[in-house]
Amino acid sequence: MMIEVRNLKKNFGKNQVLRGIDVDIHKGEVVVVIGPSGSGKSTFLRCLNLLETPNEGSIVVEGETITDKRADVNKIRQKMGMVFQQFNLFSNMNIMRNMCVAPMTVKKAEKEKARERAIELLRRVGLEEKADSYPQQLSGGQKQRVAIARALAMDPDIMLFDEPTSALDPEMVGEVLAVMKELAASGMTMIVVTHEMGFAREVGDRVLFIDEGKIIEENEPKQLFENPQNQRTKDFLAKVL
Amino acid sequence: MKFEFLTTYWPFYIEGLKITIIYSVFAVIFGIILGVMLALMKLSKLKVFKAFAVSYINFVRGTPILVQIYIVYFGLFSFGISLADSTAGIVALAINSGAYVAEIVRAGIEAVDRGQIEAARSLGMSHFATTRLLVIPQAIKNILPALCNEFIVTTKNTSMLSIIGIHDLMYNTDTIRGNTLLAFEPLIIAAIIYFTISYVLTKLIGMLERRLKASDDRS
Ligand SMILES: Nc1ncnc2c1ncn2[C@@H]1O[C@H](COP(=O)(O)OP(=O)(O)O)[C@@H](O)[C@H]1O
Ligand SMILES: [Mg+2]
């Protein structure tokens, strides 16, 4: 088992955003998370790599209980790459530095090794020639592909995506989804929050529908989209499909 | 208007200008050190630090610089602390400048994109590494132009120190006025000198800002 989440709860002050999430994620699985805005999807992802500290419940990643107080947060995060809606490339560094800075400071990778790996990954996302550019010179789609490559540079076992295409112009969505599809095909364990139902159908092994901080329904994409059981799932799908 | 006095008195201006520049430079250096410490205190989670920094900044920004100079000059003396006039002058200016620098630094740090910080942390980078490689370089870029501006303000503020007998540009101008019995003309020269310093610094800041901006959108 890659990730086991039990009774995960998170409040911001009095506002309980996650109200007991239980889910298991297997190695190599692509899990797509859908749900209305404000339902807690981002908070769920951010709890998984401890960008938010859960209030209750447990998360076990590859056998290690990361919600344990003694857990080494920086070590855990190395195993989980995260891709954000707003790309979040480091604006004071060129693309090559963006790619190398974490491997070199966190994993103490040698400069030459880190650069070689960076070039390899940039080639994989089709942006080898942008190594010396700055983030500000790239289009949204290019930034997001670099952000994915940057996360991969840490050799994570799991990749978390929080609406990776929501901030993109429509014509750039395809290039980012293509990279994600290739990644899924390579066997990466992925948790993807997205509104791209086409992507969910094509590469998702399972879809979780979250509403008001709980998983309301989960199923294979085809089943969930064509034959939703819960009324709230039906209402949501009616709006987005 | 008569400006013949300049042939005799121009060295007074040069000497005064030297003092003005030296005091400004020291005041700004100490002001920056103090300002960075205050900014970190204000951003800190420790309530005592925060309260101290907030009170300090509000007090300095809410009182005239002349009052602050007098407090340092006479006030400390009445507590049995005697500073040389020159030290008192620099301390007073630094105390003043520190409060303004603190606000500049705080704003510069707060303006660093939270998303980028989270991205760094999500890659496993420590708080320290993130601060060193991301927050500080970006904050400096945000801060630099406003900081240069603060240098101009401090340069002009040194003119207040003539009141405690520092022989700066303003003090020497007064001396010239007394010696020549010219009420007005020496002041015009002083104004031109102050204006020239400000103008040159403003131009330099403009160049700096354009360069920083250029490095933002290299294309
Ligand atoms: N840092 C925060 N502080 C306070 N409230 C937050 C914070 N982050 C998220 N929330 C609240 O939690 C709820 C769920 O947010 P989020 O997880 O971002 O939802 P989603 O990603 O599904 O749109 C929202 O009501 C949001 O306002
Ligand atoms: Mg969200």
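Numbers restart at 1 for each chain; the letters A, B, ... are given by sequence-line order, proteins then strands.
For A:Met80, the part lying near chain B is the backbone, with the side chain staying farther off; criterion is any non-hydrogen pair under 4.5 Å. Residue contact with chain B, scored on non-hydrogen atoms closer than 4.5 Å, is absent for A:Ile76. Only the side chain of A:Asn49 comes within contact range of chain B, judged by heavy atoms closer than 4.5 Å.
The choice from B:Met125, B:Arg114, B:His127 that makes the most heavy-atom pairs within less than 4.5 Å of chain A is B:Met125.
The aromatic rings of B:His167 and B:Tyr171 sit parallel to each other, their planes meeting at less than 30°, with 60° as the upper class boundary.
For the residue pair B:Gln68 and B:Thr63, a side-chain donor N or O sits within less than 3.5 Å of a side-chain acceptor on the partner. Side chains of A:Gln142 and A:Glu175: no donor on one and acceptor on the other come within 3.5 Å.
A cation-pi arrangement, defined by a distance under 6.0 Å to the six-membered ring centre and an angle within 45 degrees of its axis, is present between A:Arg150 and A:Phe90.
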